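Heads up: the structure comes next, in structure tokens.
On a predicted model such as this, the values are computed, not experimentally measured, just so you know. To find a chain, count down the sequence lines: A is the first, B the second, and so on, and within it residues start at 1.
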There are 2 protein chains.
Amino acid sequence: MKSAMDGLIVLDLSQVYQGPYCGMLMAYQGAKVIKMEALTGEVIRQRIEDKNPHEFLMFNSNKLGISLNLKSSEGAEILKSLVQQADVLIENFTPGVMDRLGVGYNTLKEINPRLIYGSATGFGLNGPYSDFPGMDLTVQAISGVMASTGYEGKPPVKAGPAVCDILGGIHLYGGIATALYEREKSGVGQHVEVSMHDATYPALASPLAGYYEGEGKRPERTGNRHSGLRMAPYNVYQTKDGYVAIICVTEKHWEQLTRLMERTDLIGAPGYENTVNRALNMDVVDQIIEDWTKDKSKWDLMKQLKEARVPSSPVLSIAEVEDDEHLKARGMIQYVDHPIRGRSKVPGSPIRLSRTEQQKVTPAPLVGEHTEQVLQDMLHYSPGELERLREEGII
Amino acid sequence: MKSAMDGLIVLDLSQVYQGPYCGMLMAYQGAKVIKMEALTGEVIRQRIEDKNPHEFLMFNSNKLGISLNLKSSEGAEILKSLVQQADVLIENFTPGVMDRLGVGYNTLKEINPRLIYGSATGFGLNGPYSDFPGMDLTVQAISGVMASTGYEGKPPVKAGPAVCDILGGIHLYGGIATALYEREKSGVGQHVEVSMHDATYPALASPLAGYYEGEGKRPERTGNRHSGLRMAPYNVYQTKDGYVAIICVTEKHWEQLTRLMERTDLIGAPGYENTVNRALNMDVVDQIIEDWTKDKSKWDLMKQLKEARVPSSPVLSIAEVEDDEHLKARGMIQYVDHPIRGRSKVPGSPIRLSRTEQQKVTPAPLVGEHTEQVLQDMLHYSPGELERLREEGII
């Protein structure tokens, strides 16, 4: 059985999360992904002394790793030679860096008109913020993620996960896959550009809708409550061993919940007739529910609520998530044996295709682990030439 | 100039955010996307009486809208006839619903082996949580988004944006585009499956890395501070008109910041020598910075910090985001004139391709707005047959 991206060659020059996640998903679909790093390794490796922090392992599975000094003219020439054979290049340098290195899109498309060149940025290649520093924290700040997270009257809060990085990376994947499809028709590549800031904006739909419908008069952050404060129950409730999230989208959900709570007296009672009235009365509604949840366990509550067909979920801790049985059964938690870090958990691919094969997960490369192999196989460098390149600090 | 997905026909049966976002991005790339709804309209329309809430407009631009009663056998037959001509079908019903309607993947692939059938779910088609209710709130609860958001010793907090919905939708887009590319080689479609829960897990990389490296002993949520509490400065600071996010990734950033604050005495001082030591001392470091930021404006601070090359960003309010000049310049904020809601702001596409054309944005359809047009054009129904279908409650 073949993989969907079998035969594709991807040069992945990207760093940290956003670009590397995109490259890894392509590797999982069968592309040959060559991660190209500076001789000292990419930025995220510098977080720990052995250069293989867990964050690096999580986004670089199934890649070949080569190290190359792009600031040397011979290094840039080696990149250009690889580009002749490549289908895709991914980079997330600050806008302008690739051009200054002499390997920007306009140069590389002359070398290989079929090249699909993917640029992941913080704020894009144009527009008033295009030179703003694009990191997950700064994009969360400027995009409204922080404004809409936390509680009314308290400071804005960042979302714990790196949502802007991953939204950026997966939109880039989508753009590159689209360009690959289109290239089958036209025979020509193109420049795919995705910014983290753009990629985050659609996720703001609920806070934006709350803003529009409240004519700007509603609080911009509502804790664990509905963004528009227009639904109740919709919250996270204390239990004896943590928290449980409960939402009643339909009246049926609410009726079923009142049955479980043995509070059927509330069905149709004044202030409880529908979600709009309950929302006006949400402090009381939430208190009634928490009085019921607080001495029960979160998984018992979930089980009861599920049987009664009321949407709910336990709030899992990071310790529970990192060992989640469902994520393991789904193959989202994968194990690799890394030569330095040992047995480590890394993410699988959320993209499942029924007919084409997904690659077995292999560990992220060490710095320059496959430099010689790749330069010999693809560019036919001799051992002597490789030795010279190494002595001259080019590889 | 052609669009990347010109000529593709997409049947979009999906609802709320996750599937509709995927369909809209395909429409922006030139696919003919036919949104199929129940006669009363999809779930999210029910939020307001006129059936055109802003959330609906935001994720259904550029689609044709048809209404069809899939529970009637003739309705299901009409879907099957459309499938014969379609390239892609998108659905996000509860697992099993499409099979019960007689239009599951195994049936439809017999009708059209080239069909790419995209299923967006909460928790996937298999695994112990596969029958759990999958809404943005419940997926945030179980996936660790909540556990990692908020402050140590305080309750978990949901991220304000619908991050799980949008992560699910864009991974589905990536999977469908991959299958379209592969179909050009094999001539055959396949079933693409993406769950919101799977799609959220990679974004947990920082909290997971913090957990692994702290051997589970660090707090699982750290407010606006670094997930692993291993970097300082890294926080959001009060200003006279809101907040500003500041991070020092390198020592150079820190030195530049001390210059701006006129506190160069801190460079190399005990407890401030490097990010690890500053992190151990982060309450003091943060206080020094906030004493400097609190009487300045957030944009003035950003400007100074940017000139000094220290990564920072103002925290924008939702009111500022919804009118953001950069998002407008980038085309991420688009205007449509909707027949009921009037002039409205909707998202553009974060996926930019340099050579193929992106469609001009047009407003989301009303319920059944294009039913007759589509059934006439694609299936050649006569006016009399359409009248009968309408009378019988099939369209």
**Message:** For a side chain to side chain contact (heavy atoms under 4.5 Å, CB included) check, start with the C-alpha distance between B/Leu327 and A/His197, then their side-chain angles and the critical distance, and finish with the verdict.
**Reply:** CA-CA 8 Å; B/Leu327 290 169; A/His197 185 227; 3.5 Å; yes
**Message:** Could you measure the distance from the OG atom of B/Ser195 to the CZ atom of A/Arg352? Nearest 0.5 Å is fine.
**Reply:** 6.5 Å
**Prompt:** Is there a side-chain contact between A/Lys158 and B/Ser227, using heavy atoms and a 4.5 Å cut-off?
**Reply:** yes
**Min side-chain heavy-atom separation A/Pro161-B/Thr149 under 4.5 Å** = yes
**Message:** Under a 4.5 Å cutoff for heavy-atom pairs, which residue among A/Val194, A/Ile48, A/Leu172, A/Val43 has the most contacts with chain B?
**Reply:** A/Val194
**Prompt:** What residue in B/Gly216, B/Pro155, B/Ala179 has the most heavy-atom pairs under 4.5 Å with chain A?
**Reply:** B/Pro155
**Asked** For B/His54 and A/Ala209, which heavy atoms make the closest approach, and how far apart are they?
**Response** CB-CB, 4.5 Å
**Complete:** The interface call for A/Glu320 against chain B, heavy-atom contacts under 4.5 Å, is neither
**Prompt:** Has the side chain of B/Asp198 got a donor or acceptor atom that lies under 3.5 Å from a matching backbone atom of A/Gly331?
**Reply:** no
**Asked** Do you know which of A/Leu180, A/Asp165, A/Asp136 has the most heavy-atom pairs under 4.5 Å to chain B?
**Response** A/Leu180
**Asked** Between A/Arg183 and B/Glu184, does at least one N-O distance fall below 4.0 Å, as a salt bridge requires?
**Response** no
**Asked** What option among A/Ala159, A/Gly348, A/Pro314 has the most heavy-atom pairs under 4.5 Å with chain B?
**Response** A/Pro314
**Message:** I need the B/Leu167 CG to A/Ile166 CD1 distance, nearest 0.5 Å.
**Reply:** 8.0 Å
**Item:** A/Leu8 portion near chain B, given a 4.5 angstrom heavy-atom threshold
**Value:** side chain
**Item:** Atom group of A/Phe123 that falls short of 4.5 Å from chain B, counting heavy atoms
**Value:** both
**Request:** Would you mind checking which part of A/Met58 comes under 4.5 Å of any heavy atom in chain B, side chain (CB onward), backbone (N, CA, C, O), both or neither?
**Result:** side chain
**Request:** Among the options B/Tyr117, B/Phe132, B/Tyr151, pick out the one with the most heavy-atom pairs lying under 4.5 Å from chain A.
**Result:** B/Phe132
**Asked** Is the closest side-chain donor-acceptor distance between A/Ser206 and B/Glu55 under 3.5 Å?
**Response** no
**Item:** Heavy-atom proximity to chain B below 4.5 Å, by part of A/Lys185
**Value:** side chain
**Prompt:** How far does OG of B/Ser317 sit from CZ of A/Arg221, to the nearest 0.5 angstrom?
**Reply:** 9.5 Å
**Asked** Out of B/Ala319, B/Gly127, B/Pro133, B/Pro156, which one racks up the most heavy-atom pairs below 4.5 Å with chain A?
**Response** B/Pro156
**Asked** Based on non-hydrogen pairs under 4.5 Å, which of A/Ser3, A/Pro207, A/Ala329, A/Ala245 is most in contact with chain B?
**Response** A/Pro207
**B/Tyr181 versus A/Ala177, closest heavy-atom pair with distance** = CB-O, 4.4 Å
**Prompt:** Relative to chain A, which segment of B/Met135 carries a heavy atom at a distance below 4.5 Å: side chain, backbone, both, or neither?
**Reply:** side chain
**Prompt:** Relative to chain B, which segment of A/Met302 carries a heavy atom at a distance below 4.5 Å: side chain, backbone, both, or neither?
**Reply:** side chain
**Asked** With only heavy atoms counted, which part of B/Ile176 is less than 4.5 Å from chain A, the side chain, the backbone, both or neither?
**Response** neither
**Message:** Heavy-atom pairs under 4.5 Å with chain B: which of A/Glu322, A/Arg230, A/Arg225 has the most?
**Reply:** A/Glu322
**Request:** For each of B/Gly169, B/Ser349, B/Gly168, B/Gly189, tally heavy-atom pairs with chain A at distances under 4.5 Å, and name the one with the top tally.
**Result:** B/Gly189
**Complete:** Honestly, the part of B/Tyr129 sitting under 4.5 Å from a heavy atom of chain A is both
**Message:** Ignoring hydrogens and geometry beyond distance, is a side-chain donor-acceptor pair present between A/Asp324 and B/Tyr201 at under 3.5 Å?
**Reply:** no
**Request:** Go through the steps for B/Val192 and A/Ser354 under the test side chain to side chain contact (heavy atoms under 4.5 Å, CB included), then give the verdict.
**Result:** CA-CA 6 Å; B/Val192 180; A/Ser354 63; over 6 Å; no
**Message:** Quick one about A/Tyr173 and B/Thr178 (side-chain donor to acceptor, distance below 3.5 Å, no hydrogens or angles considered), yes or no?
**Reply:** yes
**Prompt:** Who among B/Leu57, B/Thr356, B/Leu204 has the most heavy-atom pairs with chain A under 4.5 Å?
**Reply:** B/Thr356
**Message:** For the CD1 atom of B/Ile318 and the OG atom of A/Ser148, what is their distance to the nearest 0.5 Å?
**Reply:** 4.5 Å
**Message:** Whether B/Arg330 and A/Glu193 form a salt bridge (side-chain N of Lys/Arg under 4.0 Å from carboxylate O of Asp/Glu) is what I want to check.
**Reply:** yes
**Asked** Given a strict heavy-atom distance threshold of 4.5 Å, which part of B/Glu213 is in contact with chain A: side chain, backbone, both, or neither?
**Response** side chain
**Fill in**
Between the CG atom in A/Leu353 and the CD atom in B/Gln190, the distance rounded to the nearest 0.5 Å is 4.5 Å
**Asked** Would you say the side chains of A/Tyr212 and B/Ser344 form a donor-acceptor pair under 3.5 Å?
**Response** no
**Electrostatic pair A/Glu182:B/Arg355 at N-O distance under 4.0 angstrom** = yes
**Part of A/Ser119 within contact of chain B (heavy atom distance under 4.5 Å)** = neither
**B/Ser313 versus A/Ile142, closest heavy-atom pair with distance** = OG-CB, 3.3 Å
**Message:** Taking every non-hydrogen pair under 4.5 Å, which of B/Gly223, B/Ala205, B/Pro347, B/Gly150 racks up the most with chain A?
**Reply:** B/Ala205
**Item:** Largest heavy-atom contact set with chain B, pairs under 4.5 Å, which of A/Val236, A/Val310, A/Ile247
**Value:** A/Ile247
**Side chain, backbone, both or neither of B/Arg341 within contact of chain A (heavy atoms, under 4.5 Å)** = side chain
**Fill in**
Okay, B/Val188 and chain A: the region with an atom under 4.5 Å from a heavy atom over there is both
**Asked** Looking only at heavy atoms, which two atoms of B/His326 and A/Ser130 are closest? And how far apart?
**Response** CE1-N, 3.8 Å
**Request:** In plain terms, say whether A/Lys306 and B/Asp131 are close enough for a salt bridge, that is, a side-chain N and a carboxylate O under 4.0 Å apart.
**Result:** yes
**Prompt:** What part of A/Asn126 is in contact with chain B, defined as an atom under 4.5 angstrom from a non-hydrogen atom: side chain, backbone, both or neither?
**Reply:** both
**Spacing of OG1 belonging to B/Thr138 relative to CG belonging to A/Leu305, to within rounding of 0.5 Å** = 12.0 Å
